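One structure below.
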Amino acid sequence: MIARLRQPGFARVLIVLLGVGGVLGVAEIAAPAAAAQHDAVAASGWLLAAFAGGSALGGFLYGQLNLKAGIGKRLFALCVSMGFAAVLVSQLDALGLFAAGLALVGLFLAPSLITGYLIADTIVPESSRTEASTWINTSVNLGASLASAAAGIVIDSSGAWFALLLVGAIALALASAVPFTRLRKIEPPAVHAVNRCEHS
């Protein structure tokens, strides 16, 4: 499986998705922590439901769109949006607004993962797609695990909001690793084929 990492650009995609996993991991820890800080532990489930619901809605809407942008640009836009959303949520104190903010963060989760899998299918040979998908899962899960572990320490010392601010900034930084040039070299034949069909 290590050979898959040698595919030009693939390791950089995994780096980007570490940020996505990081936001996921922190959101799942920050939600109950924020509820506890408001003496509303029972609201934890609603906060997590808002996050999961946002992701489900995002995945549904993403599947309905006929996007013209390349997958590299899409991954960058989604990960940057997710990072900015996490930073935004870090500024919201009221639980109602916090829940809405978590739903906004979740809105970009499923589309980011979907795009990651699409890139894996594009960037590696067909015979290696299952292994590439496993690497996508590994990267997201690793990001979530590391962020969850770190979030516990950060939340204890500085609160859930600071943890979201920090992971949002990290996700924004990691989004810059998107291999635009490599993906542009792979995509043009398919894009031109779509354009020809549209104009025929």
Side-chain angles (χ1 to χ4, degrees), residues 5 11-59 74-117 134-179:
L5 293 176
R12 292 175 60 180
V13 172
L14 298 182
I15 290 172
V16 176
L17 291 175
L18 278 173
V20 173
V23 175
L24 168 62
V26 171
E28 292 182 338
I29 299 296
Q37 288 172 15
H38 278 86
D39 295 323
V41 176
S44 297
W46 290 106
L47 294 177
L48 290 171
F51 180 61
S55 180
L57 177 61
R74 277 185 266 164
L75 182 65
F76 179 77
L78 288 165
C79 293
V80 165
S81 297
M82 192 174 188
F84 271 126
V87 171
L88 172 64
V89 176
S90 73
Q91 307 303 307
L92 304 176
D93 185 52
L95 274 187
L97 292 176
F98 191 72
L102 285 178
L104 178 63
V105 175
L107 194 68
F108 302 106
L109 175 60
S112 296
L113 298 179
I114 292 167
T115 306
Y117 288 121
T134 301
W135 275 112
I136 296 293
N137 285 335
T138 300
S139 181
V140 173
N141 290 333
L142 177 61
S145 299
L146 293 175
S148 295
I153 299 172
V154 174
I155 289 172
D156 284 342
S157 62
S158 304
W161 289 265
F162 183 73
L164 282 166
L165 175 64
L166 186 60
V167 79
I170 292 172
L172 287 171
L174 294 180
S176 64
V178 172

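Remember, predicted model here, so these are calculated numbers, not experimental data.
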Closest non-hydrogen atom pair between [X] and [Y], with its separation:
X	Y	answer
Gly58	Pro111	O-CG, 3.4 Å
Cys79	Val20	SG-CG2, 3.5 Å
Ala86	Val23	CB-CG1, 4.3 Å
Gly19	Ala171	O-CB, 3.9 Å

Residue list, side-chain contact (heavy atoms from CB on, under 4.5 Å) with [X], at least two apart or on another chain:
X	answer
Ala35	Ala43, Ser44, Leu47
Phe84	Val80, Leu172
Val140	Leu17, Leu24, Leu113

side-chain hydrogen bond (donor to acceptor under 3.5 Å, both in side chains): pairs with one or both residues in residues 104-115, sequence neighbours excluded: Tyr62-Thr115
In short, side-chain hydrogen bond (donor to acceptor under 3.5 Å, both in side chains) pairs touching residues 23-33 with sequence neighbours left out are none
Are Leu14 and Ile136 close enough that some pair of their side-chain heavy atoms sits under 4.5 Å apart? yes
Mind listing the side-chain donor-acceptor pairs of residues 89-109 below 3.5 Å, one per line with the distance, residues two or more places apart or on another chain?
| unit_1 | atom_1 | unit_2 | atom_2 | d |
| --- | --- | --- | --- | --- |
| Ser90 | OG | Val87 | O | 2.4 |

Donor-acceptor pairs are to be reported for all side-chain atoms of residues 147-155 against protein atoms at under 3.5 Å, with residues two or more places apart or in another chain.
| unit_1 | atom_1 | unit_2 | atom_2 | d |
| --- | --- | --- | --- | --- |
| Ser148 | OG | Gly25 | O | 3.4 |
| Ser148 | OG | Ala144 | O | 2.7 |

So, using side chain to side chain donor-acceptor pair (under 3.5 Å) as the criterion, who are the partners of Asn137 when residues are at least two apart? Tyr117
Distance in Å, Arg12 CZ paired with Leu75 CG, rounded so as to fall on 0.5 Å steps: 11.5 Å
Rounded to the nearest 0.5 Å, the CD1 atom of Ile170 sits from the CG atom of Leu18 at a distance of 10.5 Å
Residue pairs fulfilling ring pair (Phe, Tyr, Trp, His ring centres under 6.0 Å) with at least one residue in residues 11-59, sequence neighbours excluded: His38-Trp161
Any donor and acceptor pair, going by atom type alone, linking the side chain of Ser139 with main-chain N or O of Trp135 inside 3.5 Å? no
